[in-house]
Amino acid sequence: MSAANGQIKARFKLGYSAFSLDVDLDLPGQGITGLFGDSGSGKTSCLRCVAGLEQADEGLLVVNGECWQDSSRGIFLPTHKRPIGYVFQDANLFAHLSVEANLQYGLKRIAKAQREVPLAQAVELLGIGHLLSRMPAKLSGGERQRVAIARALLTSPKLLLMDEPLAALDLKRKAEVLPYLERLHLELRIPILYVSHAPDEVARLADHLVVLQDGRVASSGPLKESLLNANLPFMHDDDAQAVVDGEVKHYDSEYQLLHIQLENSPVMLQITHAPLASASAVRVKLKARDISLSLSRAEDSSVLNLLPATVAGWVMLEDQAQVLVTLTIGSQQILARITRYSFNLLGIQLHQQVWAQIKSVSLLANQ
Amino acid sequence: MPLGKDDLSAILLTLELASLTTVLLLLLGTPIAWWLARTRSWLKKPIGAIVALPLVLPPTVIGFYLLISMGPNGFFGQLTESLGLGILTFTFSGLVIGSVFYSLPFVVQPLQNAFEAIGNAPLEAAATLRASPRDCFFSVVVPLARPGFITAAILGFAHTVGEFGVVLMIGGNIPGKTQVVSVQIYNHVESLQYAQAHWLAGGMLLFSFVILLALYSSRRTQQGWQ
C-alpha cells in the first residue's frame, strides 16, 4: 500500500454532524498543488488532516514513500513528529517572542543534520532582515505572513502546507507577499499544498489543481487541464480562465512589447511588459471573458493578439445566454466566452478554424 | 514597641504559611486549571464546581470537614498516621493543607481563564514547529499565561494571609505553630488590647491594599506584548 517515491497519497474520511470529508488523492510529490474550493468545501479540513491537526476516522497518508498515517494499521504520527511546515491563514506567530525567536523556535527543534534551510537564506528569501528584533504586534499583516512562511521553512519541511496565507491580506499586501511565494516555488524543492478560494491565486501559483466541493474531490489534475474542466465552480463566472506556457522570443523596446511564442506552436503573443531575457519560460493567463471570436482575421482592429485557433468544444453557461468555447492553439487550449446569439450567428462548429481576438493578456510567474 | 514577641512570630508564621501554600497551589493548581481549560469531559463541570466550593462555603464548614478527615478517625488522618506522619490537626502542616484547599479557586480560576484565552492556535503552531505537547506547554503556554500566573500567585498568597475560620478550626491558636496574624488580632480584641489589635489590623489593611494595587497595575501593563 505504499506510494512510489515522488508522490503523495492522501485518503481521508472524516464525519461531523453537518459536514463530511471523503477524499482520495494522488498528488505529485513536487511543485505546488492548489486545493481549491468554496468555504465549507473541506479544503482546510483536508490540509489539517495532512498536518495531523485533525485525526480522520479513516486515513491513509504516504508522502514520498514515508507512511505518516494508516488507520488500518493503527499508525498516526502526531503533528510534532511530521516533517511539515504549516502556514496558517492568520500567521499565528508567538506573541511573546520576537521575530527572530519565532524563527528560531522551529529551527532549534530539528537536528542539526536535518537543517537544509539556513536562517540567513530564509530571512533573505522572505525579505525580513530588518524585522528580526521586532515583536509580532508591531508588524503589518503582510510582514507577519512573511515571517510565518520563513518560520515554517526553517524546519526544513518535506511538505509545506499553506492555508490561505493571503486571505487575511488586502490587495496591496497580497501583491507584496505573492512574489515571495513564487520565489519559494523556484528556489526550493519543497512540495507545497496550497489552499485557496481565489482562482487567480491558484492559477498564478499552482502546477496541479484539486477542486473540492462539499467535502468531495470534484477534479484533480495538472493545472492547465483542470482549468479547462467545465465542472469547475468558477467556470460560470468571470474567473473562467486558461493558462498557456510559452517562451520569450524578443523584446520590442520601442513599444515595450514582449513577444512570446506559445509552446509547440508557431503562434506568437504580444504583451506590454518590462523586458525579460530571451528564451525565458513564461506562463500566461487568458481570461475567457477577454477573448472573442471572428471567422476571418480582422485587419483593422486595435486588438493586438489575433490568433488562429481550432474549435475543440463548448458548454452552455448556467445563464443560458453565454457559451464557453474551448479552442486549441498548437498543443494548448484556451477558453473564449461569447454570447449564444453570436455563437449561432457565426455558426460555430467542431474543428472549425476561427480567429481568437485576445483583448487582455497577463503574465503569470516566470517558470 | 507596639508589637509583642507573639505578634512578630504570628507575622512570620503567616508569611511562611502563605508562601508555602502559594508554591504548593501553583504546582497543584496548574495541572487542574490546564485540565479544566482543555477537557471536553463531562467531569469538567463537577470538578470545576468542587474547586470553586471554597468561594461560597463558610470557612468553618471547610475547617470542620478537614478537622474530621485529618483527625485520628478520619480517612486522611489514618493515612498520615500509617505513613508515619502522625495526626496533622493542630500542626503547621495541617494548616498548610487546609490553606491549599481554602485558596484553591483563587489560583485555579485565573490560571484557567489565562489558559482558555490562549486558545488552540499557538498550540497548533508549536506542534507544526516540532514541539511536543510538554515542550509546547513550557515554551508557549507558560510565557503566554504569565499574567494569569502572577494574578494567581498574588490572589493565592493574599487570600491565605487573610484566612481565619479554617485556621481556627484545624489549627487552633498555638503561638509559634498555628497562631497567625488574623487569629492574633482576635486574641488581642478578646483581651481588650485594642492598641495591638490596631497595629496588626492596620498592617493587614495596608498589606491588602498594596497587594491589590500591585495586581491591578500589573494587569494594566500586561495587556499587550509591546
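Because the structure is predicted, anything quoted here is derived from the model rather than measured. Quick note: numbers below take in every heavy atom, side chains included, and nothing from hydrogens, waters or symmetry partners. Below, chain A is the first sequence line, B the second, and so on; all start at residue 1.
With rounding to the nearest 0.5 angstrom, the NZ atom of A:Lys108 is 8.0 Å from the OG atom of B:Ser139. Atoms CZ and CG, from A:Arg151 and B:Leu129 in turn, are 5.0 Å apart once rounded to the nearest 0.5 Å.
Counting non-hydrogen atoms of neighbouring residues, nucleotides and ligands closer than 6.0 angstrom, the CZ atom of B:Phe115 exceeds 12 such neighbours. Within 6.0 Å of the CZ atom in B:Phe90, the count of heavy atoms belonging to other residues, nucleotides or ligands exceeds 12. Around CZ of B:Phe75, the count of heavy atoms belonging to other residues, nucleotides or ligands within 6.0 Å does not exceed 12.
Interface with chain A: from residues 31-67 of chain B, no residue qualifies, criterion being any non-hydrogen pair under 4.5 Å. Taking 4.5 Å as the heavy-atom cut-off, none of the residues of residues 111-120 of chain A approach chain B. Among residues 119-127 of chain B, the residues having any heavy atom closer than 4.5 Å to a heavy atom of chain A are, in sequence order, B:Ala121, B:Pro122, B:Glu124, B:Ala125, B:Ala126, B:Ala127. Of residues 154-165 of chain A, those residues lying under 4.5 Å from chain B by any heavy-atom pair are A:Thr155, A:Pro157.
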Query raised in the report: Can A:Arg109 and B:Asp135 be said to form a side chain to side chain contact (heavy atoms under 4.5 Å, CB included), step by step?
Result: CA-CA 10 Å; A:Arg109 284 169 171 77; B:Asp135 179 358; 2.6 Å; yes
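Contact of A:Pro136 with chain B is not made at all, since no heavy-atom distance falls under 4.5 Å.
Looking only at distances, no side-chain donor or acceptor of A:His80 sits under 3.5 Å from a matching main-chain atom of B:Cys136. A distance-only check finds a donor-acceptor pair linking the side chain of B:Arg130 to the backbone of A:Ile84 [under 3.5 Å].
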